[in-house]
Amino acid sequence: MSAIVLIGAQWGDEGKGKVTDLLGERVDYVVRYQGGNNAGHTVITPDGQKYALHLLPSGVLTPGCIPVIGNGVVVDPKVLLTELDGLAARGVDASKLLISTDAHLIMPHHRALDRVVERYLGSARIGTTGRGIGPAYGDKVARMGIRVQDLLDPGIFRQKLELVLREKNQILFKVYNRKAIDVDAVVEEYLGYAERLRPYIADTRLVLGKALEAGKTVLLEGAQATLLDVDHGTYPFVTSSNPTAGGACVGSGIPPTRISQVIGVIKAYTTRVGSGPFPTELFDENGQHLLKIGGEYGTTTGRERRCGWFDAVVGRYSARVNGITDMVVTKLDVLSGLDKVPICVAYEIDGERVDEMPMTQTAFHHAKPIYEELPGWWEDISKCRTEAELPENARRYIQRIEELCGTRVSAVGVGPGRDENVVRHPLL
């Protein structure tokens, strides 16, 4: 079998965990390939249990599926162990978890710098979660990172930590007037984590390569989404890694020739968390409707999400950048009860119509949405399981999204439950 990539096609929070559920027990491995605990998936199990996952792949809740944290992830070991303990307390067995030896660790100095730098930026802040994700990736690129494998060698761990804290403590103390971080305390803390994490640490590249050779199905699951990609997103208001489909190969060690399918998840409207341009953002009662009915609060942070109408320019861009083969539209039910449902089909920038993503940051900041209004529907669609059962106007809305984004819509979410979906084309 080949590998399948699952990505968010907007600014995140599209409901990727729900799609993992749709694929169900047909998936043998679910791999988280980038990001850290600055993102999350909300998954509702068949018995109605709700789980908020932050570092663990959503496949941890699927019986028989092996969850993998790939080399492209930055891991806060305390958060990971807390998450594992929380699942164990609820009777979820996560003993099959594998963690790449090459994943980088989030250290105390990363969290400290993340918070203090964001405060220092004031009104120019990026809107980070303050969890140390960006600084951890920065050290990775600067070749100053500390990896999961270093936990297995106390001498190397201390040596690397002492070296990096020579610089970081100077910055914290002399630039930001913050307390320096004690090497001994960190070594003691992290080597304590090492004892608990040791059984999970593995050469995940080798494991996944052998799994594919054996005909297993591997799902590569990204955090955040396309418009938050550090290369292809709305820079600088982005994350520090590559959530796009290309990043799946880098963050897992699976070659591009193994990828057979890219599933893009996109909401029936648009949301984003944090700062940055958002052409279709709503500040009226419609925005409040989407926020309230959609329950638009961050899984990890609890922050209110900014809400707006569906942006087909973003959808087209995501389809092209990721090579999306199947689109899954989530939260269509949130739009029920609206008289009109606008779709942004293009932008107006300095008096000119622009049909594709603007080339520059300045142009995107100035983009004004050009809307096409579609008639709404009033029916409760949460019980619909076939396309024919959807109201005519809801079907027209999905068909228009398909036309504007240039890729087929294979499934539609009509409620928060894992079985509340309309499948138009099988995903596997």
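- Residues passing the salt bridge (charged side-chain N to carboxylate O under 4.0 Å, His left out) test with R26: none are found, sequence neighbours excluded.
- Side-chain contact between E83 and L53: present, with at least one pair of heavy atoms (C-beta onward) separated by less than 4.5 Å.
- Scanning for salt bridge (charged side-chain N to carboxylate O under 4.0 Å, His left out) contacts around E387 gives R424, with sequence neighbours left out.
- Atom CG in D203 sits 7.5 Å away from atom CG in D102 (nearest 0.5 Å).
- For R131 and D76, the salt-bridge test fails: no basic side-chain N is under 4.0 Å from an acidic carboxylate O.
- The environment of R396 atom CZ is sparse: at most 12 non-hydrogen atoms of other residues, nucleotides or ligands sit within 6.0 angstrom.
- Checking N242 against Q34 by side-chain atom types alone, no donor-acceptor pair falls below 3.5 Å.
- Residue L228 holds its CG atom at 6.0 Å from CZ of R272, rounded to the nearest 0.5 Å.
- Listed by first then second residue, pairs satisfying salt bridge (charged side-chain N to carboxylate O under 4.0 Å, His left out) with a partner in residues 336-357 read R316-E356, R320-E356, R353-D355, not counting sequence neighbours.
- One side chain, D311 or Y347, offers a donor N or O that lies under 3.5 Å from an acceptor on the other.
- The line from CG of L56 to CD1 of I99 is 8.5 Å long, rounded to the nearest 0.5 Å.
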Assess whether side chain to side chain donor-acceptor pair (under 3.5 Å) is satisfied between W11 and T271, documenting all intermediate values. CA-CA 7 Å; W11 277 282; T271 64; over 6 Å; no
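- With Y29 as reference, V207 is the one residue of L219, V207, T204 to meet the side-chain contact (heavy atoms from CB on, under 4.5 Å) rule.
- Put simply, the residue from V265, I7, I263 that forms a side-chain contact (heavy atoms from CB on, under 4.5 Å) with I324 is I7.
- D139 and H110 share a donor-acceptor pair across their side chains, judged by distance under 3.5 Å alone.
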